[in-house]
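Because the structure is predicted, anything quoted here is derived from the model rather than measured.
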Amino acid sequence: MQEKDIFINRELSWLRFNSRVLSQCDKDLPLLEKLKFIAIYSTNLDEFYMIRVAGLKQLFAAGVVVSGPDEMTPLDQLREIRKYLNEEQQTLEKHYKSIVAGLAKAGLHITDYDNLNAESKAKADEYFFSNIWPIIVPIAVDATHPFPHLNNLSFGLAVKLCDEEHPEIIKFGMVRISRVLPRFYKVADGVYVPIESIVRRHTEHIFPGYKLISSCAFRVTRNADIVIEEEEADDFMMILEQGLKLRRKGSFVRLQIEKGADAELLEFLNSHTKIFYKDVYEYDVPLTLGALWQIIADKDFSHLLLPPYTPKTLPPFRDNVSIFETMDKDDVLTFQPYESFEPVAQLVKEAAKDPKVVSIRMTLYRVEKNSNIVQALIDAANDGKQVTVMVELKARFDEENNLHWAKALENAGAHVIYGITGFKVHAKITQVIRQVGDKLKFYVHLGTGNYNGSSAKIYTDVSYFTSSDVFAKDTTTFFHILSGFSKNRRLNNLSMSPMQIKERVIDMIRAEAKQGANGRIIAKMNALVDTDMVRELVAASKVGVQIDLIVRGICCLRPGIAGVSDNIHVRSIVGKHLEHARIFYFKHASPNYYISSADWMPRNLERRLELMTPIYEPSLQEKLGEILRVQLSDTDLAFELGSDGEYRLAPTKDGEKPLNSQAFLEDYFDKVFKSIKKSSDQDNAQILASKLLKES
């Protein structure tokens, strides 16, 4: 066996992850839940083409031959990607058509203009003239009308026309459909029409004097990876804004069109976009399926979704009790979205109002557009508190939102840091400093997920609240590194990348390897890509260490190779909640458990500032251990990775019911909430919660 055989190609592994997303349509789920996965799959694929495929095309153009430890060339990867996606497209179309047919039986119709009754057609016509016609852009393309610039993910209708008086005169043009228009027009209760279907019907109104011969909906994808020369930037905010404008002009990497398009129309589009013919995808379903959220959000059909889950606020957090008082008594660890994100927001909001608070420091990577956390920081700054905020302007596809918040915070008087030259800051940390008597007291939140209340209802993440002196110096040092000049990027109890996380994790893997068959590692993350980490895990497997990896997305380690990686088991959990937490267990480490903002990828370990947090308290370690055990027992949402690189549903033992770990945890936290409400012993709530989990 050659070393390259232990590696799975990064891009092909990602494609299999997105296939696992799509495969949720095979499950016994409500129809709109299935439509959600179609939307997620399509949005994921857009970003994959904009960033990963675009990057491979650049490598190929630059003549790069080998680009990874699996030794696949960029051209090999591009060929495999195209082959994979062309085959999977049939699955996507089959699922979409099946879901749409099922929705029609349930009274929710997604249909073309031509299938409407006379009354609905009249309403769609009225909508066209009042709402569509004034803002669409008819475009002629000829000697005096050049082919227009098309922004990334531009969507429209290409048309082939003939002169009414001189039918032999053929013209080509297009209708650009503005993003301000809804993707689907709701023509009646429970009836949605794709917008291009209405536009197509009225093409001859848009181009008077011409008859429509043929048309096809199309959509273009551009390279959206921004390269910012930070070292040359006098004003980083200005150069980033310029970079965002350049994103609209990246090279074309994909063309999506309606199936059965006129060959001359396709030639018309491709003669101008010059997209490689194998990156042209013909669809027998509407384009821009990521916009299906518009239909999913129809409240009249909420019965076609799973019942929403309400996150629980559990003791020691309580209404009308100061979060600082709570953190003075206990360190607390919560697991979103089963437990509420509100205590995280409450920490910042209470700090903003507390006269004893002298300083609030925080990192922001992705926050929602209407963030009560950022508003609290603005209020604190306006109130004269020392507020320091690291706003990562390079958070891909959130740059504009983060620019908005950075400016708002600066205007309020906060000290805003835009980033660290050459690195992204991906760590999730809040530090609040209060004057308590004649001393300063430090209150810290460390997490695995973003400070985003919206995604916290969907993503699984861990939040750790502590006022322990163990972390006071490290968290202060970390923020000093962000705001000042420092060549020392090392902490004592916390670990920070790019200097420490990889080093410490490798040390812990090697320590388990020294224990041979008595060694044990469990690691939960989003992605495993780093070559050194793969090699260390394989080396530990060879000497008998039992390793369980719960990796939601990309996994470049090939498990199950006899005598090499057969002690490594890899599983991926895909369900209604996005598995986002990073939890690590090393049997012989001290302590055994860690949480982190970092995946085991080169970008996280070498090109970002990340944090890994040790969890010392036995009760909190036990909680993390039970979470891992539940996920390792999943036989409903879990896929297991084979040595052939394929994922298969985890097997269920004879006579056992499949275990859905996410449903189990929802049910468990509901039971805890009800039990604690009945219990008079609120101070021992965490012990009661742990007892219930073990019993479950």
Side-chain angles (χ1 to χ4, degrees), residues 311-318 326-327 329-340 343-344 444-449 460-468 470-471 493-495 505 508 511-512 515 518-525 546-550 571 573 577 579-596 612-634 659 661-676 679 681-696:
K312 304 299 183 289
T313 300
L314 301 175
F317 295 120
R318 302 176 206 164
T326 300
M327 291 174 69
K329 291 180 181 178
D330 294 294
D331 284 2
V332 187
L333 187 142
T334 61
F335 190 37
Q336 285 81 46
Y338 310 103
E339 293 178 88
S340 176
V344 180
V444 177
H445 170 267
L446 292 148
T448 67
T460 74
D461 273 305
V462 177
S463 283
Y464 177 50
F465 302 80
T466 180
S467 61
S468 170
V470 168
F471 299 110
N493 294 293
L494 295 172
S495 301
V505 171
M508 289 188 285
E512 295 302 318
Q515 301 295 324
N518 196 34
R520 183 81 172 101
I521 298 169
I522 307 173
K524 172 178 169 59
M525 66 196 83
Q546 293 298 312
I547 302 169
D548 277 298
L549 303 175
I550 307 169
R571 58 176 32 216
I573 293 175
H577 302 308
E579 295 292 336
H580 193 253
R582 293 90 168 183
I583 306 170
F584 312 135
Y585 167 76
F586 300 92
K587 182 178 178 181
H588 294 92
S590 182
N592 305 114
Y593 286 93
Y594 298 80
I595 63 170
S596 181
M612 183 172 74
T613 304
I615 305 298
Y616 294 104
E617 300 79 358
S619 63
L620 304 187
Q621 291 181 353
E622 192 172 8
K623 183 172 184 176
L624 290 174
E626 293 295 343
I627 290 167
L628 293 177
R629 280 189 279 278
V630 168
Q631 297 208 329
L632 289 174
S633 301
D634 192 303
L659 174 68
S661 59
Q662 294 184 353
F664 173 89
L665 288 166
E666 285 184 353
D667 184 57
Y668 160 71
F669 280 100
D670 279 344
K671 286 178 180 174
V672 171
F673 184 69
K674 290 172 185 173
S675 298
I676 287 172
S679 173
D681 190 2
Q682 294 287 300
D683 289 331
N684 288 318
Q686 291 195 84
I687 295 172
L688 174 60
S690 179
K691 179 173 178 286
L692 282 170
L693 183 54
K694 280 187 173 180
E695 289 174 355
S696 298

Original post:
Any Lys/Arg nitrogen of D670 or K674 sitting under 4.0 Å from an Asp/Glu carboxylate oxygen of the other?
Top reply: no
Subject >> Smallest separation among heavy atoms of E512 and F586, with atom names >> reply: OE2-C, 3.5 Å
Original post:
Hey, what do you get for CD1 (I522) to CD1 (I550), rounding to the nearest 0.5 Å?
Top reply: 7.0 Å
**OP:** Give me the one residue out of K524, R571, R520 that meets salt bridge (Lys or Arg N to Asp or Glu O under 4.0 Å) with D548.
**Re:** R520
Original post:
Between H445 and S463, does any side-chain donor sit less than 3.5 Å from a side-chain acceptor?
Top reply: yes
Subject >> Under the ring-ring contact (aromatic ring centres under 6.0 Å, His included) test, residues paired with Y338 that sit two or more places apart >> reply: F335, H577, F669
Subject >> D331 versus Y616, side-chain donor and acceptor atoms under 3.5 Å >> reply: no
Original post:
Which pair of heavy atoms, one from I615 and one from L620, lies closest together, and at what distance?
Top reply: CG2-CB, 3.7 Å
Original post:
Between T460 (side chain) and H580 (backbone), is there a donor-acceptor pair under 3.5 Å?
Top reply: yes
Original post:
For P591 and P614, which heavy atoms make the closest approach, and how far apart are they?
Top reply: CG-CB, 3.6 Å
Original post:
Is there a donor-acceptor contact under 3.5 Å from the side chain of N592 to the main chain of A589?
Top reply: yes
**OP:** Mind listing the closest non-hydrogen atom pair of Q662 and I573 along with its distance?
**Re:** NE2-CG2, 4.4 Å
Subject >> Residue pair E339 / L314: nearest heavy atoms and the distance that separates them >> reply: OE1-CD1, 3.8 Å
**OP:** Run the salt-bridge test on R629 and E626 with the 4.0 Å N-O cut-off and return the result as yes or no.
**Re:** yes
